[in-house]
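One structure below.
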Amino acid sequence: MSDRDITIGQYMAKDTALHRVDPRLKFAAVAVGVVMIFIYSGWAMVAFSVLLLAVLAVARLPLLAVLRSLRTVWVILVVTFLLQVFLTPGEVIWQWGFLSVTDTGLYNGALFSARVVLLVILLAALTMTTPPLALADGLESILRPLRYLKVPVTRVTTVVSITLMFIPNILEQSRRLVKAQTARGADFESANVLRRVKDILPVLVPLFVKVFHDADELAVAMDSRAYSGGEGRTRLRPLKIGPVEAVLTAAFAAASVALVLL
Amino acid sequence: MRESAAGCGAGGSSIRVEGLRFSYPGSSTEALRGVDLEFRQGAFHALVGRNGSGKSTLARCMNALLPPSAGRVLSCGIDSASAPDRREIHKRVAMVFQDPDTQMVGSTVEEEVAFGPENLGLEPAEIRRRVDGALDRVGIVHLAGRQPARLSQGQKQLVAIAGALAMEPSFLISDESTSMLDYTSRRKVVELFMELTSAGIGIVHVTHFLEEAALADSVVILDGGAVAGRGAPAEVLSDPVRLRELGLDPLAVTLVAYELRRAGHQVPGDVLDVKELVSWLYA
Amino acid sequence: MALRLSLENVHYSYPLPGREDAPALTGADLAVEPGEVLCVAGSNGSGKSTLAQVCAGLLLPDSGEVLYGDAPVEGRAGLREFRSKVSLLFQSSEDQLFADTVAKDIAFGPKNHGLRGGELEEAVRRACALVGLSLEELGSRSPFSLSGGEKRRAALAGVLAMDPEVLVLDEPFIGLDHTGRELLKSTLERYREERGASVVIVTHELSDAWGLAERFALLSGGRLLKVEDKSDLLSGEVELSSLGMKLPQWGELVRELLGSGIAVTDPSDPRMIAGAMASFREARGE
């Protein structure tokens, strides 16, 4: 039970303005944000970070829980940071053997890491304030035009929503399996990397089998409740773009773009 | 909650299973080998049998989740194979599964219960009425805003039942919905089923607890994909020798009554309950 | 031969980010006597699975102690030693098989404990015999091709192959039908006898362990209320329904009979109960 709470960007039910924003608007805002993050540098980036923190505050998301999402990408973060730092030419600040750190390298490394961090926070803010079903519904209505290109939009969004719903399930299953294999003498605490890699197999195989099985069960349960994708579906709380939400989103997007001009 | 059981309509108020056969793709053995049964609306039916006897397969065929390989299933007069829209079956025959964790889709209890009616394309006001009605019926109005993942197992299963009832079905099929629950939660679910039958809903409860089956109006025993026994609990559950042959665990009371009869005592053949057996001492 | 396994005032909480920790065990005391079958019974959410994992050294208490024999379980080496003597069969163990053949899966545990060659083969063979799986027939098959009941037995064999002195089982009966239950019960009984092992059955269903366990530890709200033998349970001192549990029908019957002054020594033997009832009626008739 409690294991479920330690998850990546898992939806947190709260009643805030941001939770109420139409998922389609959120997708639009996130899209603007993602593009901007790759354009920003220097002070614009700092300002955007502040803006993002403000968004988190409005949504009453605990910063710690948001930052925890970074655990999934920390390896990428560290590796790319080091690559940038050591491999970018520029004025050498520090040298050790063939390794040299340059000023441009440090700057690029920091910039790149900041981008990854901001991206993760932005996406976490989306998934933590939007229930998986609402995400699927929002995504479906945005992708609807693709139907004319024969893209199976409904299926895609159903798969996306089931995947999102399954993240906590997968994490919990893997924890259980690690414990079960520990009980059979597997040594996950070993410092020996080879041994640890070898011990992952007994977790991965049953994890996949179980997750596929559960996903199948969920699909059957959804089917029995007349789910056939978003088509013909209505909502208890219909998606609607109210004035407050529209203004909020527009302000976010405008601020994001304006920061480039800084 | 408005009484919802009127829904079956002119097609007859039953689920009729006729010569039903089913094989899973890639499997050489038949999971169901010619099953003929009728389940009435407003009655509590128990479906029992050993592992692999075909209970779950039958349950899924009745909800049009599996198409018959041969024979047919008529739910409220609608043939599940030729229904223009399977939704027509899902509206009338709702289902609850064993593991509440793999049937939840909503982020709040309210959203979870609303899922079915939303799929039926109903107006928001009607969805609201159904959600409130179903939560009230199951007695969990106070949980409406909670996250399903944070509830206890028993509460989760009640949410799942509310989600099924929000479809306002004529039948509710429970596929071992009590097998992971503790006694208190299980009793709550079975009592709820009994209440629902008096509101006109037909219940088909797949279970391996014969004590639960003993509370039903009628019991069906499956074995090897075929019907191995059917009738009132007193008829079907009181022969321990036969039950053991079918891989079932007879009730303690029927085992003792059986021993008494073997020793030449006159014990009524339909005793299922402790009090009844003890009253024999003084008869 | 097993030693005494005891938990003393064990507390355990699951950490929840941004909120208060969720306590699962709040001062649990338990002693598993050498060679006994003990049933730990509690409703959903009473802390059963946590207790099972603490018993097997897979969760370390926040405070309190786990002792094996007289020695507290401490340090990495101590923990490893403890884990090699106490094994846990997890809930839904049938979902935890992974190897490409049944035999390899069963060999996983003993191999991790350093067994090789003939010794390893012997451990696998013995475990298969204990659970009633034919190694010749099923050993080279994929575990995923087995039926549900066979998978559960293969998983149990994987644990028994490690030859534990104390065997802890978390909800081992869920989903098994009558035949599967009887098979499991006789396997546990046989293992206890042959190995002198202690067996701890953790369950929400008293009837599961009724014919098997001598003592019942009742768990509620993360605390062990009481350890009782069957006659205590039958005398009805503890209100089982307030703990989310119920006596099996056997127990209810025997309790009713006690009310009429009929005492039965084995509360799960139909012939004995029938005999006692018959003589009561005859005595009344005279």
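Here the shortest heavy-atom pairing between B/W280 and C/R281 reads O-NH1, 2.7 Å. Of all non-hydrogen atoms in C/H178 and B/G247, the two that sit nearest each other are CB-O, 3.2 Å. The minimum heavy-atom distance linking C/Q249 with B/A252 is given by the pair OE1-N, 3.0 Å. Heavy atoms only, all atoms of each residue included: C/K246 and B/Y183 are closest at CD-CE1, 2.9 Å.
A donor-acceptor pair is defined here as one N or O able to donate and one able to accept, closer than 3.5 Å; such a pair exists between the side chain of B/D182 and the backbone of C/N44. Proximity of a side-chain donor or acceptor of B/N51 to a complementary backbone N or O of C/G175 within less than 3.5 Å is detected. Between the C/H204 side chain and the B/L181 main chain, a donor and an acceptor come within less than 3.5 Å of each other. Between the side chain of C/E252 and the main chain of B/D273, no donor-acceptor pair closer than 3.5 Å is present.
Interface check for chain C: of the options B/L243, B/V267, B/V253, the most heavy-atom pairs under 4.5 Å are formed by B/V253. Contact count versus chain C (heavy atoms, under 4.5 Å) is highest, among B/A257, B/A263, B/P240, B/A283, for B/A283. Your options are B/L255, B/L260, B/L251, and the one with the most heavy-atom pairs under 4.5 Å with chain C is B/L260.
For the atom pair OG1 of C/T179 and CZ of B/R50, the computed distance is 5.5 Å after rounding to the nearest 0.5 Å. Once rounded to the nearest 0.5 Å, the distance linking NZ of B/K275 with CG of C/L253 reads 11.0 Å. Once rounded to the nearest 0.5 Å, the distance linking CE of C/M272 with CD of B/E259 reads 12.0 Å. Rounded to the nearest 0.5 Å, atoms CD (B/Q153) and OG (C/S43) are 11.5 Å apart.
For B/Y282 and C/S260, the side-chain atoms include at least one donor-acceptor pair closer than 3.5 Å.
For C/S241, the part lying near chain B is the backbone, with the side chain staying farther off; criterion is any non-hydrogen pair under 4.5 Å. In this structure, chain C has a heavy atom under 4.5 Å from the backbone of B/S179, while its side chain stays farther away. Residue contact with chain C, scored on non-hydrogen atoms closer than 4.5 Å, is absent for B/L210. Contacts of B/R186 with chain C are made by side-chain atoms alone, with heavy-atom separations under 4.5 Å and no backbone atom involved.
Between C/E182 and B/R244, the closest side-chain pair of non-hydrogen atoms is not below 4.5 Å.
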**Asked** Hey, mind stepping through B/L277 and C/M277 against side chain to side chain contact (heavy atoms under 4.5 Å, CB included) and telling me if it holds?
**Response** CA-CA 10 Å; B/L277 181 64; C/M277 288 179 72; 3.8 Å; yes
**Asked** Between B/R262 and C/R271, is a side chain to side chain contact (heavy atoms under 4.5 Å, CB included) present by the stated rule, with each step listed?
**Response** CA-CA 10 Å; B/R262 273 202 342 164; C/R271 207 162 292 172; 3.4 Å; yes
**Message:** For C/I262 and B/L281: C-alpha separation, side-chain torsions, deciding distance, then whether side chain to side chain contact (heavy atoms under 4.5 Å, CB included) applies.
**Reply:** CA-CA 11 Å; C/I262 304 174; B/L281 287 172; 3.8 Å; yes
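Within residues 45-54 of chain C, no residue has any heavy atom less than 4.5 Å from a heavy atom of chain B.
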